[in-house]
Each structure stands twice: as C-alpha cells, then as structure tokens.
Amino acid sequence: MEYPESYELIFQAFGAEDDVVTVRLTARSGAGGYPVYEDETGIVRAEISDRGEVRMLASGGHQVLGVPLLARPLSQESPHAH
C-alpha cells in the first residue's frame with residue numbers, strides 16, 4: 001500500500017489557535033505495522049494507519065503525548081507540504 005508522504009496533525013490548544021504539526025513519512029513501521037511519521041525535530045512521532053488512525057509515539061523519556069483532533073494527509077502539490 002502507498003501512504004501519503006506527509007500529514008498535518010492538528011492538536012487542540014486551549015485558549016489559543018489549534019496547534020498544527022507537519023510530519024513526514026519515515027522508513028520505520030510502528031507496532032501496528034503502519035508507517036511512522038515524524039516532524040523535522042524528530043520529537044513528534046506518530047504511527048498512522050491506512051484509515052487515518054493515529055497512535056502517538058514517545059521520542060524521549062517523560063514525554064506527555066497529546067492526541068491530535070485530526071490527521072490530514074497533505075498532497076505533493078499542497079503549499080503546506082515543504
């Protein structure tokens with residue numbers, strides 16, 4: 001199966017605009033067998049299924065994992081996908 005190269009993960013930020021993080025496809029797979037995506041820093045990591053289900057993955061100790069409201073696939077033509 002072919003997966004999108006990148007997603008926008010949208011997290012609800014209380015008292016402010018929603019927080020949007022762009023994650024890109026990596027060569028790794030998660031425990032569920034789906035691809036792992038991560039942001040430029042490598043801190044935000046997520047396994048995203050073919051149905052768009054997101055499982056956040058810890059990238060370090062004592063990390064509190066938020067759950068995104070939405071995982072939106074980005075097309076190659078999208079202006080946000082750089």
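FYI, the numbering just counts along the sequence from 1. Heavy atoms only: backbone and side chains are in, while hydrogens, waters and symmetry mates are out.
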Do [X] and [Y] share a hydrophobic cluster, counting only Ile, Leu, Val, Met, Phe, Trp and Tyr and linking them when any side-chain heavy atoms are less than 4.5 Å apart?
| X | Y | result |
| --- | --- | --- |
| M1 | V23 | yes |
| I43 | F11 | no |
| V21 | M56 | yes |
| L65 | V44 | yes |
| V54 | L69 | no |

* Test item: E53 side-chain N/O and S49 main-chain N/O as donor-acceptor pair under 3.5 Å -> no
* So, does Y34 use its side chain to make a donor-acceptor pair with the main chain of R51 at under 3.5 Å? -> no
Over all heavy atoms of both residues, which pair between [X] and [Y] is shortest? Give the atoms and the distance, please.
| X | Y | result |
| --- | --- | --- |
| A13 | E17 | CB-O, 3.2 Å |
| A46 | L9 | CB-CD1, 4.1 Å |
| E47 | G33 | OE2-N, 3.3 Å |
| A71 | P73 | O-CD, 3.7 Å |

* Structure fact -> Only residue of L25, T26, I48 satisfying side chain to side chain contact (heavy atoms under 4.5 Å, CB included) with V36 is T26
* Asked: To the nearest 0.5 Å, what is the distance between CD (Q63) and CG (L57)?
  -> 9.5 Å
* So L74 and E8, side-chain contact (heavy atoms from CB on, under 4.5 Å) or not? Walk me through it. -> CA-CA 7 Å; L74 297 175; E8 283 183 336; 3.7 Å; yes
